[in-house]
Structures are given as structure tokens and as C-alpha cells.
S.K.: 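This structure is in C-alpha cells; I'll ask about it shortly.
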Amino acid sequence: MCGIVGYIGCRDAFPILIKGLYHLEYRGYDSAGVALANGGEMNIYKTKGRVSELEAFCKNRDVSGTAGIAHTRWATHGEPNNINAHPHYSESKNIALIHNGIIENYVVIKDRLIQNGCHFQSDTDTEVLAQLIEYIKELNNIDLCAAVQLALGQVIGAYAIAVMEKGRPDRLIAARKSSPLALGVGEDEFFIASDASPIIEYTNKVIYLEDEEIAVVYRHEAPKIVTIGNIEKTREIIQLEISLSQLEKGGYPHFMLKEIFDQPRTLRDCMRGRIDADCKQVVLSGIRDHKERFCNAKRIIILACGTSWHAGLIGEYLLEEFCRIPVEVEYSSEFRYRNPVMYPDDVVIAISQSGETADTLAAIDLARRAGAFVYGICNVVGSSIARNTHSGSYTHVGPEIGVASTKAFTAQLMTLAMMSLCIAREKKTISEERFLRLLEELNRIPDKVERILRADESIKNLAGIFTYAHNFIYLGRGYNYPIAMEGALKLKEISYIHAEGYPAAEMKHGPIALIDSEMPVVAIATDNEMYEKVISNIQEVKARNGRIIAIVSENDAAMKDIADYVIEIPATEDCFDPLLTVIPLQLLSYHIAVTKRRDVDRPRNLAKSVTVE
Ligand code: G6P
């Protein structure tokens, strides 16, 4: 996590860096700092708290300079305070460094440096790297780039760094390994950033560094790219397709609400060019190009974390129902350390909004080493997971800024649904008639989402009733069981209310003990073959005075007599229900969190892109 940004050019660096940090705040926001090169001087300002606090702190201070680096932090080593904020200095204060990632062997290196006379100010692993670079530079009397190469050769872990040297306002150095880093290429100006959002306002040309590559960035010439081992590299300049408006709130009070309301459009974008106008064909190029791998797969393993893992669970139901391939869904963080049994004809699907989640990247590596074919479902174009998989499908929803994932999740579901239909047709495990019926229905989903969004005001009123709650239970069955978990996760993430999602029938094996007149229970009871069973589960809650909010299909008169509150959604095929049932749960969490005055887009302790394990 953490966001890094750097600028070198002819304009004032400070406003560009601060704006960049605001874009990157989703990656961490417990402290922030900036280093500015001003002729022979280097000014560093850093504070605990948000970027706005850094900006206020810098008022009336000297922020001149046309080169600089800046950082927004999500603490791993050392509490969030002024001293642990980045940039970090070297011993002589001649080198300033910002870092996203973790230096795993920092203790050993720190001990060695202390024995050699270095004095440390902070508790961070990052300061160790700043000190190490200078120590190597002085010891060998070499240039900064060579020292960075040697230092990085000694560290174990993940990093995206930017380094600046006092008296050298003409040069920034950046490097990466297992943490993302983009270089923006402008006219006589260059940008360094954890993602393209701080760059896009100035240029749509970017270079993505590969692992263990270092870029030496000057003001007036193309960046020089070398590996840690000093091999020169040429990297292609990529044209970005995102626009600045996609990164702004567009009149909504929060990115999360904008992203919830974006979903009819993002779902259409996700289908665009894949489902034909007559709804007779669905083509995903990644599946088309590797159809044998999917059709011959004896097993599919889905790897993901967080909300993407919930999408994976629904993927399991879809792929098993339609393609008749056994599917296992694993947390990437567990999979990577548990010595799993893998076969070369396994197909692995890695799901990740950011495409940068460290555990998922490591799990992909493991699967690839075991010979499996790995398919990625990512949102961020050019992300590490997109690049480290054999093939894949982008979800095409544009940047998702709110830390709690919404539009990326529904597009992951849409992608999994399209993939399942593609493979099932290829394998002939679905009848033509069913295939066409499902494809037509899939095409109607964005309109149905739009209809659900019209209930926003009544969901907001409902949220007002439940802000008292300290706990929530979410129940669902079949395709809606993962949605119960996702609903609970959304609430936890942004309102800090404890919530649990359960398969409705499992409630009686434990959670039922929690039910009393204070306990809100959100039950997903749409019109499908599980309906009667979920009704029985709801009756069990009612008998214990629990307060029931039911998500039901339109015109469900019976539920009005049973549940305390009812939210209606349009009917659809069972297998596409999650694409609809999740929408009122997103809105409910959002409004509860807003009523409780939580920081919805930047909930405490969380980060959007988890680039540490
Ligand atoms: C973090 C985010 C979640 C996200 C998870 C996995 O925890 O806060 O919203 O679901 O990481 O991220 P990914 O980018 O791999 O989908």
C-alpha cells in the first residue's frame, strides 16, 4: 500500500505532488510527506494524518522547486507519526527516499549499519534503505544510481521507491519490485507514481517498469532504464485510455456512491464488444484463444482476496453449474503457503480489481511454477497481475477509487458469468435454448440495476433506523450466500459495525444464539428454488424477535407480513441474482456509514491496493 509520486520538469513540483497524493490517498492515509529539490537545497515536510494536513502544514513554508517526491503512507513498520512518515533521509540528509512495500530483511541490514556508525530516526524499514544507499555510495565512492543498484541487490522484499539527492535537482531515481510503478512521459517533464491517476492530467503516455528495474529520470531527456544487475532496457511507451473525469466525483458526495450509481454503465462497458447486438454470441478473446485449456481442465482453482474472493465464490457456482468443471476457491494468502496439490492441466483464475494484491501475485507465481495455466480477471489495465498471467479478461469499469469495492465486484461477476457461458457453449454442457435465454437476461441486467438504484432514498431512510446497531447478520443461500458475506464485509469496512454473513441454513448452528430484539438480520429471499427454505430461516429469526430486513423479488406480498422491512428488486435468473441483490446491500452500508459520519471513501486502517502480504 502507500502511494508514491514524483515530478521533475519545468513547473512548480509542489502542487503537482500534492494533487497526486490526493489521487493516491486510497492507498493509505495515515501520514504524508514531500521532499522538494530547490537548487542546492532539499526541503522535506512531513506530518501524521491526511494529505490535507500536509498541505496545511506546508502553508507559509518554502515549497519552491521543480523536482520533488511525495508519499502517502499506510503503516506497516512503525506507528503512523511525524517521524515515521516518508520521505526518509540518509545519515547525512543528502538522500531522501519514499517507498511502497516492505523490506523484509531490514533488521539485519539496520544492525549492520548501526555497527558502521549510522543513526536511525524512525522505526521504519524504509529508512534502512535510504541509509544503506548512502552507506554504499560513500563506501565505494560511486554515483547514486550505482549505489541504488547495489543496495537493492541486498534487500529482500517488495518496493517501489523514488530517490532524490541534495544538490542534484536535475535527477530522480525510481525502482520497483513487486510493487507497482508507472513513469509518466510528458514534454520536458516526467512523473513517477504508484498508478496513473496522478499522471493522467498531464500526459497519457506511461512506461510501466518491470521487477528489479531502475529508471533514472532527467528533465530534458528520455528516462534511462537499467536493471539492478546493470543491464540496459528499453520499455514501450503505453497510451492510457482513462480520462480525468473518470477520477473525479462527478457531483456525488463520495466516490463510493458515484461508483455504486455507475454500475449500469460499467456493466454495459464490461459486456461491450463481448455480447453481440442480437444476444446470440458471447466472445471473450482470452477464452477463445485458450478454449482447449478451459474445455480440458479437470479442475479450476480461483484465487483472490477480499471482495474479489466473494466474486470467486459466485464464479465457483457458475462454472460448476454450467461448465461441469469442479472448482475450488482459495484465499490467495492461504494458498501460497500451504503446499497445494497442483496439476499441469489445472486452470487457475486469479481475480483482482487492482491487479497488484501481493498475496494474489505470489499465489499466481506458485501456480505458474507448478505448470498451471493462469487466467486473470483484473480491472487495472497493465497491472502486475494482468502482466503475470497467461491470458485474461479486463473488467473495464475504469478506476475504482472508493476503498470499498462496488462496481469492480459486479463487473467481476459479469465477467465470470460471460466466461461460464462461453466455456459451457464450447463444451456443450448447456443447451442452446438455455444459453440464449441466459445471454438475453444478462443483457437486461444493467437496466435492472438502474431500477434498483431508484430505491436509494428509501434505503437511506432504512439506514437511519439501524445506525444504533453494533452487530448485523446477513443471510443468503445458493448464489446469494456469497452476497450475504459481501454485504457483511461492505458494512464492516465502512461503518465499523461488526457484521457476519452466513449461509441461511447454517444460522441454527451458532449465530442464532446472537439473535435478540436488537439484532438486525438482512435476509436475501428472492424468488428462486431456495425461497421457501429461506422463509423458514427468517421465521426462526422472527421467533427470537430479531429485526428482519428482507431483500425480495418484486411483488412478494407474503414477505411484507413476515419481515420488518422489505427491499424489492426485479426478478432474474437465479445465477444472475448476485448482480442485483448486492446493489441494495451496497447502498445500505453506504448510508449507514454516512449517517455514522464515517469516512466512507477512506475507512480507517484499510487500503485499496494491498501490496504487502
Ligand atoms: C483490499 C480492498 C478490498 C479488495 C481486496 C482485494 O482489502 O480494500 O476492497 O477486495 O483488497 O483487492 P484486489 O485489488 O485484489 O481485488
Side-chain angles (χ1 to χ4, degrees), residues 1-3 24-29 74 76 100 158 178-180 194-195 197 254-256 259-260 302-315 329-336 348-365 374-389 392-395 397-413 415-416 482-483 485-496 501 582 585-586 589-590 593 598-613:
M1 347 249 265
C2 302
L24 293 176
E25 236 184 349
Y26 72 88
R27 302 178 65 84
Y29 31 79
W74 186 86
T76 55
N100 163 214
S178 306
S179 289
S194 299
D195 71 26
S197 58
H254 297 98
F255 280 110
M256 182 177 176
E259 286 159 4
I260 292 173
I302 299 182
L303 301 173
C305 300
T307 287
S308 299
W309 184 79
H310 293 153
L313 292 176
I314 293 163
V329 187
E330 302 240 15
Y331 285 117
S332 310
S333 51
E334 287 299 311
F335 180 84
R336 63 180 288 196
V348 169
I349 301 176
I351 309 176
S352 174
Q353 185 286 129
S354 62
E356 300 294 346
T357 302
D359 283 319
T360 304
L361 266 166
I364 289 170
D365 266 3
V374 186
Y375 196 87
I377 299 179
C378 293
N379 187 39
V380 178
V381 176
S383 56
S384 303
I385 292 177
R387 284 179 286 128
N388 285 349
T389 40
S393 299
Y394 284 118
T395 45
V397 303
E400 189 182 64
I401 312 288
V403 165
S405 184
T406 52
K407 64 176 183 175
F409 175 70
T410 46
Q412 289 166 347
L413 298 185
T415 307
L416 286 159
I483 294 299
M485 292 204 282
E486 173 60 10
L489 178 64
K490 281 295 80 98
L491 188 70
K492 272 186 272 216
E493 284 180 306
I494 58 171
S495 72
Y496 320 147
V582 75
L585 303 190
Q586 294 170 344
S589 306
Y590 171 79
R598 304 299 193 217
D599 191 343
V600 172
D601 284 335
R602 286 163 299 186
R604 70 182 180 204
N605 304 338
L606 297 180
K608 182 138 196 82
S609 184
V610 183
T611 54
V612 295
E613 69 168 280

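Predicted model, so just to flag it, every value in this text is computed and none were measured. Counting starts at 1 for both ligands and their atoms, following the listed order.
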S.K.: May I ask whether Ala404 has any heavy atom positioned less than 4.0 angstrom from an atom of ligand 1?
M.R.: no

S.K.: Just by distance, with hydrogens left out, do Asp359 and Thr357 show a side-chain donor and acceptor under 3.5 Å apart?
M.R.: no

S.K.: Can you tell me if Ser383 and Glu356 form a side-chain donor-acceptor pair at under 3.5 Å?
M.R.: no

S.K.: I would like to know whether Ile302 and Leu313 meet side chain to side chain contact (heavy atoms under 4.5 Å, CB included); could you show each step before the answer?
M.R.: CA-CA 8 Å; Ile302 299 182; Leu313 292 176; over 6 Å; no

S.K.: Run the numbers for me: atoms of ligand 1, each under 4.0 Å from some heavy atom of Ser308, listed by number.
M.R.: 10 (O), 13 (P), 16 (O)

S.K.: Can you name the one residue among Glu400, Gln353, Glu486 that meets side chain to side chain donor-acceptor pair (under 3.5 Å) with Ser405?
M.R.: Glu400

S.K.: Among all protein non-hydrogen atoms, which one is nearest to atom 8 (O) of ligand 1, and what is the separation to 0.1 Å?
M.R.: Ala607 O, 3.1 Å

S.K.: Over 60° means perpendicular and under 30° means parallel, so classify the ring planes of Tyr331 and Trp309, tilted if in between.
M.R.: parallel

S.K.: Judging by distance only, is a nitrogen or oxygen of Gln412 under 3.5 angstrom from one on ligand 1?
M.R.: no

S.K.: Tell me which protein heavy atom sits closest to atom 7 (O) of ligand 1, plus the residue, atom name and distance to 0.1 Å.
M.R.: Val610 CG2, 3.9 Å

S.K.: For ligand 1, which atoms have a heavy atom of Val403 less than 4.0 angstrom away?
M.R.: 8 (O), 9 (O)

S.K.: Side chains of Lys490 and Thr307: do they bring a donor and an acceptor to under 3.5 Å?
M.R.: yes

S.K.: Starting from atom 6 (C) of ligand 1, which protein heavy atom do you reach first, and at what distance in Å?
M.R.: Cys305 O, 3.4 Å

S.K.: Starting from atom 12 (O) of ligand 1, find the nearest protein heavy-atom neighbour and note its residue, name and distance.
M.R.: Thr357 OG1, 3.3 Å

S.K.: Is Asp599 salt-bridged to Arg604, going by a charged N under 4.0 Å from an acidic O?
M.R.: no

S.K.: Heavy-atom contacts with Ser405 under 4.0 Å: which atoms of ligand 1 show up? List them by number with element.
M.R.: 9 (O)

S.K.: Do you see a donor-acceptor pair shorter than 3.5 Å between the side chains of Tyr375 and Ser393?
M.R.: yes

S.K.: What atoms of ligand 1 come within less than 4.0 Å of a heavy atom belonging to Ser352?
M.R.: 13 (P), 14 (O), 15 (O), 16 (O)

S.K.: Using a 4.0 Å cutoff against the non-hydrogen atoms of Thr307, which atoms of ligand 1 qualify?
M.R.: 10 (O)

